[in-house]
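Each remark here refers to the structure printed beneath this line.
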4 protein chains.
Amino acid sequence: MCVSTLPPMTSPLNNLPLYRQLADLLAKQIEEGKLRPGQPLPSELHLQQTYGVARGTVRMAMRDLRDRGLVVTVHARGTFVAEQG
Amino acid sequence: MCVSTLPPMTSPLNNLPLYRQLADLLAKQIEEGKLRPGQPLPSELHLQQTYGVARGTVRMAMRDLRDRGLVVTVHARGTFVAEQG
Amino acid sequence: MCVSTLPPMTSPLNNLPLYRQLADLLAKQIEEGKLRPGQPLPSELHLQQTYGVARGTVRMAMRDLRDRGLVVTVHARGTFVAEQG
Amino acid sequence: MCVSTLPPMTSPLNNLPLYRQLADLLAKQIEEGKLRPGQPLPSELHLQQTYGVARGTVRMAMRDLRDRGLVVTVHARGTFVAEQG
DNA sequence: GTGGTCTAGACCACA
DNA sequence: GTGGTCTAGACCACG
């Protein structure tokens, strides 16, 4: 309901779409090692609730991360940090 | 194709731009209480079709009303009559 | 976590599987006219929460009702009481 | 509203999602030369109405075609058959 | 109980 | 008047 629980954006470069902001936030966690290869990301439902966005927005972020090669998605299992991350 | 199907205006103010005529028309409905605080305005598409104007015209009218403080727009939800109407 | 919160069943038929109990309960509501032809059933999520059952249970109950010809399911729209109910 | 104006599927292999069926249909037209390089595809709105699907479905089909390298999309202009098609 | 597909329809950015 | 983003919430396939 709130537009975002995403960290306040202080940079002027943040006119990015919400899904991109979410993707970047998760990408950062992967690159920093907070999410490690093989480890599952939070579920789509969890991400929706955590960040207060719609599921479609979460899915767009996931697709973004897949396109960057950072994660792999397994149907009915979850989305995981890519091994060669 | 965007010739005004706006209700005939008998006032001499018709030299105003279309978007302004539309904004004034909606403002009048708000001020008269036909559209009440918290209530959604008709969608952009509906306004286009009802008044036979182009989408940009509707958007300019909405911007006008926002600037006057008469309505608030919520992304992906709609435009609503402001509470302090 | 899926222990039945279904309304207390006083009948001896409680040895039936949960999904069957739920299907019977909904079938009864249809036959009694509490749910009328063309009317949507509660959503899968609502039924899960209302009766404290898992999603698969709800889906099995829906399948059961479809097999009995009591409801029709329309993709992405919902499940509705069949017209010849 | 009808599920599809897509040609009746006689093959048993057609358990494909709707967006994929639409993408394949357009891909076929491109490969057969009915849509030529540089030429615009029908607009998303037109495709929605022609095939009776939701916009999201059309957009998924467009993404599919972009991923296959068959089309390129230009914001606010349209989607065009790729030149090296 | 996850991700996958689909509907319906809103406003936005751009030309 | 196009494509882009976003909401909300439905049912489906799979494990």
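Worth knowing before you read on, the calculation uses all heavy atoms, side chains too, and leaves out hydrogens, waters and symmetry mates. Throughout, protein chains are lettered first and strands after them, A, B, ... in sequence-line order, and every chain is numbered starting at 1.
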Given atom [atom1] of [X] and atom [atom2] of [N], what is their separation to the nearest angstrom?
X      : N       : atom1 : atom2 : answer
L47(C) : dA10(F) : CG    : P     : 10 Å
M62(A) : dG4(E)  : CE    : C1'   : 14 Å
Q21(D) : dT5(E)  : CD    : P     : 12 Å
Q48(D) : dC6(E)  : CD    : C1'   : 12 Å
R63(A) : dT5(E)  : CZ    : P     : 8 Å
Y51(A) : dC6(F)  : OH    : P     : 16 Å
L41(B) : dA10(E) : CG    : C1'   : 13 Å
E44(C) : dC11(F) : CD    : P     : 5 Å

Taking only side-chain nitrogens and oxygens of [X], does any of them come within less than 4.0 Å of OP1 or OP2 of [N]?
X      : N       : answer
T57(D) : dT7(E)  : yes
S43(C) : dA10(F) : yes
R59(C) : dC12(F) : yes
Y19(A) : dT5(F)  : yes

Of all the choices, [options], which nucleotide is nearest to the side chain of [X] once you look at every atom?
X      : options                  : answer
M60(D) : dG3(F), dC6(E), dG3(E)   : dC6(E)
V53(A) : dT7(F), dT7(E), dC14(E)  : dT7(F)
L18(A) : dA13(E), dC14(F), dC6(F) : dC6(F)
T73(A) : dC11(E), dG3(E), dT7(F)  : dG3(E)

Closest approach of V81(D) and R36(D), non-hydrogen atoms and distance?
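The answer is CB-O, 3.3 Å.
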Where is the tightest heavy-atom contact between G38(D) and F80(D), given as atom of each residue plus distance?
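Looking at all heavy atoms of both residues, the closest pair is O-CD2, 3.5 Å.
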Atom NZ of K28(D) and atom CG of L70(D): how far apart are they, to the nearest 0.5 Å?
14.5 Å
Residues two or more places apart in sequence or in another chain: which of them pass side-chain contact (heavy atoms from CB on, under 4.5 Å) with R20(A)?
L16(A), P17(A), D24(A), D64(A), R68(A)
Donor-acceptor pair, T57(D) side chain versus V53(D) backbone, under 3.5 Å?
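Not a single qualifying donor-acceptor pair exists.
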Which ranges of DNA chain E pair up as stems, where a stem means three or more consecutive Watson-Crick or G-U pairs with both distances under 3.5 Å?
E:1-14 with F:1-14
Result for 5'-nearest mapping on DNA chain E, choosing between P42(B) and A54(D), is A54(D)
Can a donor-acceptor pair under 3.5 Å be found between the side-chain atoms of R55(D) and the base atoms of dG4(F)?
yes
ILVMFWY cluster membership beyond L45(A) - transitive side-chain contacts under 4.5 angstrom:
none
Verify the cluster assignment for L47(D) and M60(D): are they in a single hydrophobic cluster under the rule of side-chain heavy atoms below 4.5 Å apart?
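No, separate clusters.
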Is the closest side-chain heavy-atom distance between T79(D) and L65(D) below 4.5 Å?
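Not in contact.
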Of R20(A) and G78(D), the one whose closest DNA chain F nucleotide lies more 5'
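The residue mapped nearer the 5' terminus is G78(D).
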